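Structure, as structure tokens:
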Amino acid sequence: MNRVVGILLASLVGALVLSVALGSVPLPLNRVLGALTFQSSQGDQLVVWQIRLPRALAAGFVGAALGMSGAALQGLLRNPLAEPGILGVSATAALFATFVLYFGLATAGPLVLPLAAVAGALIATLLVALAALRTRSVVTLILIGVGLSSFSAAIMALLMNLAPNPFSLADMVNWMLGTVDNRSFDDLLFALPFMAIGVAVLLASRRGLSVLALGDEAAEGMGLDLKRQRLAVIIGAGLATGAAVALAGAIGFVGIVAPHLVRPFLRYDPARLLVPSALLGGLILVLADIGVRVLPTDSELKLGVVASLLGAPVFIWIAARRRLA
Amino acid sequence: MKLLEAEGLGYSIDGRVLVADAAFALGAGELTALIGPNGSGKTTLLRLALGLLEKDAGSSSIDGTAVESLSPVERARRVAYLPQARPLVWPQPVRDVVSLGRFAYGAALGRLSQEDSEAVERAIRACQLDGFEERAADTLSGGELSRVHLARALAAETPLVVADEPVAALDPRYQHKTMQLFANMTRAGRSVLTVIHDLDLALRYASKVLWMHEGRIVANGTPQETFTATRLRDVFGIDAQVLSDGAHTRLEISGPA
């Protein structure tokens with residue numbers, strides 16, 4: 001394990017502990033540890049196990065899935081501004097979730113909403129994967145992703161436009177802002193398998209991302225199976241991103257910013273970037289979620305809003321500082 | 001057995017023929033120059049022969065095996081390919097870029113085997129990049145970068161190297177250095193196929209020249225056999241004289257025909 005991974009992992013664990021300790025009622029470290037080991041009061045155990053820990057873990061997993069997907073897609077598409085949703089997966093997942101909210105189906109069960117989001121993500125992933133089998137150009141893939149995103153956004157706008165009542169409109173808007181509020185271990189257990197498969201596929205195919213840095217033609221000449229590599233990244237990033245959207249709604253910029261910040265420490269190698277990007281993505285969202293909870297605001301701040309407020313300026317900074325054309 | 005053998009290769013796009021009925025064979029110990037004017041189909045021919053582009057007609061084999069039945073890794077262990085377009089996305093250090101040449105042997109950046117590291121070192125020295133190892137690739141000049149990509153291709157240490165315009169960006173000294181390097185490799189039993197626009201270099205270093213014109217191979221033989229004033233005018237549209245003083249042959253180009 002290299003130094004970057006070690007530092008990020010330690011920071012992430014620290015941030016998770018901090019996240020469990022902080023909140024409307026701050027818990028000192030000994031009470032946190034007591035609750036985690038089931039040796040403190042019922043009240044403390046309830047706060048830690050039912051409320052704070054699942055929420056902190058959700059923020060961490062969502063950030064990690066987005067960070068790694070962003071890093072892999074930036075490597076595949078050879079573009080430092082690529083983001084996990086670039087292939088239309090996030091927008092389609094969000095569209096399916098909006099459908100559920102529009103028709104008031106979310107009340108049918110706690111898993112209906114994430115199930116719909118994952119289904120949307122899988123359908124988008126399948127469409128882009130089929131396109132990848134037919135085209136040689138990554139630009140075509142990006143354009144298909146942009147088209148898919150725009151179309152999903154258009155239908156979402158239509159659903160909001162026709163919202164049957166202000167409450168369902170508020171539900172849709174709230175969900176789209178992105179949050180890990182009220183997430184339970186059941187929500188986590190539903191999303192984790194998809195994330196785990198996505199992450200495993202990405203990690204298994206990461207060596208190919210290194211050679212793609214020299215262009216598709218050279219990479220093929222060096223022995224890369226271009227089609228397989230593209231399919232692996234599309235499916236891996238699609239699953240991980242889809243699960244992240246299902247768990248927390250739309251959360252932007254983490255997937256762009258995290259890989260960019262760690263890249264110089266890993267000699268700009270797209271393969272070695274994956275794990276540190278995941279750790280930093282998780283760290284950023286856990287810290288942002290702590291901010292959301294401790295900042296005194298009248299109505300609850302949404303994690304997605306804070307992530308965008310922090311991420312967008314960094315995005316502009318990255319775009320302005322690009323070294324290679 | 002030939003390292004690379006192509007027969008009747010043909011390729012057209014939207015009814016426009018880019019390569020037609022092209023045949024050639026490369027044996028060990030040969031330095032073959034592929035020459036021809038812009039748009040004569042040189043790059044397309046290389047890609048067809050290596051199976052990187054799906055051909056409309058003909059066949060191509062590497063070491064006697066049809067290119068279609070070789071996996072990308074198997075092909076990469078037999079032939080190193082240096083394309084003409086060499087995009088670079090990240091400002092990676094030179095050593096890492098060269099190390100990517102070991103991909104087909106399972107190498108991953110940051111944990112190269114002893115064998116991989118040694119091959120990378122040899123390639124860096126061969127392309128005279130000593131001292132540049134930790135330089136970020138985007139801080140290099142066009143010619144230096146060109147040598148980095150060549151070193152990447154050489155690091156694979158394959159029996160055959162196929163290079164598309166490897167010396168185009170190099171100064172005269174490195175142009176000759178590179179051609180000498182190729183000549184040395186072929187003397188050691190390896191084989192090089194290179195696209196080249198400098199006819200003097202082709203004449204001087206190549207053991208065999210493939211002439212391409214409008215998608216067809218119009219001549220295939222030693223420089224002494226194939227360099228004639230008529231052919232230079234027909235293929236390249238230039239007025240040139242081929243001068244020979246017995247030991248050396250050289251070219252005097254007076255201008256477009």
Side-chain angles (χ1 to χ4, degrees), chain A residues 1-5 71 73-82 136 138-139 203-230 259-260 262-276 318 321-325, chain B residues 43 46-47 50-54 70-111 133-134 136-140 145 148-150 152-153 155-156 158 161-164:
Chain A
M1 194 166 65
N2 67 43
R3 206 160 44 97
V4 180
V5 172
L73 284 166
Q74 289 177 6
L76 179 76
L77 304 174
R78 290 193 294 278
N79 189 330
L81 298 177
R136 287 191 65 87
V138 285
V139 177
L203 286 177
S205 67
R206 67 180 160 171
R207 209 167 60 88
L209 293 173
S210 287
V211 276
L212 275 176
L214 298 184
D216 289 347
E217 201 182 358
E220 261 190 301
M222 280 186 270
L224 181 71
D225 189 330
L226 204 55
K227 249 175 202 166
R228 256 175 70 174
Q229 181 69 32
R230 282 186 184 158
H260 185 78
V262 287
R263 196 169 271 127
F265 301 101
L266 296 145
R267 297 167 71 94
Y268 296 89
D269 174 21
R272 277 176 284 181
L273 198 59
L274 292 193
V275 172
I318 296 169
R321 269 186 31 127
R322 273 191 79 176
R323 280 169 72 174
L324 286 154
Chain B
T43 298
L46 294 185
R47 306 198 63 207
L50 294 176
L52 295 171
L53 195 61
E54 213 170 308
L70 286 172
S71 74
V73 165
E74 286 170 331
R75 180 186 59 218
R77 287 183 181 185
R78 291 169 168 83
V79 186
Y81 174 52
L82 177 64
Q84 191 181 348
R86 295 154 209 162
L88 201 66
V89 200
W90 317 108
Q92 290 172 279
V94 168
R95 189 195 302 279
D96 287 9
V97 176
V98 177
S99 302
L100 292 176
R102 300 298 294 175
F103 177 78
Y105 301 91
L109 293 186
R111 41 189 176 89
E133 290 94 335
E134 291 303 315
D138 68 332
T139 65
L140 301 177
L145 199 52
V148 173
H149 286 285
L150 178 63
R152 188 279 294 164
T158 48
V161 174
V162 174
D164 199 347

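Because the structure is predicted, anything quoted here is derived from the model rather than measured. Reminder, nothing fancy here: chain letters follow the sequence lines and each chain counts from 1.
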*Inter-chain contacts: residues 76-83 of chain B against chain A, heavy atoms under 4.5 Å*: B:Ala76, B:Val79, B:Tyr81, B:Pro83
*Taking B:Ala156, B:Ala108, B:Pro93 one by one, which has the highest count of heavy-atom pairs under 4.5 Å against chain A?*
B:Pro93
*Using non-hydrogen atoms only, which part of A:Pro264 is less than 4.5 Å away from chain B: side chain, backbone, both, or neither?*
neither
*asked:* Listing request: all side chain to side chain donor-acceptor pair (under 3.5 Å) pairs with a residue in residues 97-109 of chain B, at least two apart in sequence or in separate chains.
replied: B:Arg102-B:Asp116
*Of the listed residues (A:Arg78, A:Glu217, A:Glu220), which shares the most heavy-atom pairs with chain B below a 4.5 Å separation?*
A:Glu217
*Do any N or O atoms from the side chain of B:Arg75 and from the backbone of A:Gly221 form a donor-acceptor pair under 3.5 angstrom?*
no
_Quick check for you: to the nearest 0.5 Å, what is the distance between B:Leu100 atom CG and A:Met222 atom CE?_
5.5 Å
_Heavy-atom pair with the smallest gap, counting every atom of A:Asn79 and B:Trp90_ = C-CH2, 4.2 Å
_Distance, nearest 0.5 Å, that separates CG of B:Leu109 from CG of A:Leu266_ = 11.0 Å
*At a heavy-atom separation under 4.5 Å, does A:Arg272 approach chain B through its side chain, its backbone, both, or neither?*
side chain
_Taking side-chain hydrogen bond (donor to acceptor under 3.5 Å, both in side chains) as the definition, give me every residue that meets it alongside B:Arg86, ordered by chain and number, with sequence neighbours left out._
B:Ser146
*asked:* So for B:Leu50, is it side chain, backbone, both, or neither that comes closer than 4.5 Å to the heavy atoms of chain A?
replied: neither
*How about B:Glu134: does its CD atom have over 12 heavy atoms from other parts shown lying under 6.0 Å from it?*
yes
_Contact summary for A:Asp269 and B:Gln92, nearest pair of heavy atoms_ = CA-NE2, 4.1 Å
*Step by step, would you call B:Arg152 with A:Leu214 a side chain to side chain contact (heavy atoms under 4.5 Å, CB included)?*
CA-CA 10 Å; B:Arg152 188 279 294 164; A:Leu214 298 184; 3.9 Å; yes
*asked:* Less than 4.5 Å to any heavy atom of chain A: does that hold for the side chain of B:Ala153, its backbone, both, or neither?
replied: neither
*asked:* Holding to side-chain hydrogen bond (donor to acceptor under 3.5 Å, both in side chains), I want the full list of residues that pass it with B:Asp164, two or more places apart in sequence or in another chain.
replied: B:Thr43
*Go through B:Val162, B:Thr158, B:Val97, B:Val73 and name the one with the most non-hydrogen pairs under 4.5 angstrom from chain A.*
B:Val73
*Nearest 0.5 Å, what's the CZ-CG distance between B:Arg111 and A:Asn2?*
11.0 Å
_Per-residue contact mode, A:Ala271 against chain B (heavy atom under 4.5 angstrom)_ = neither
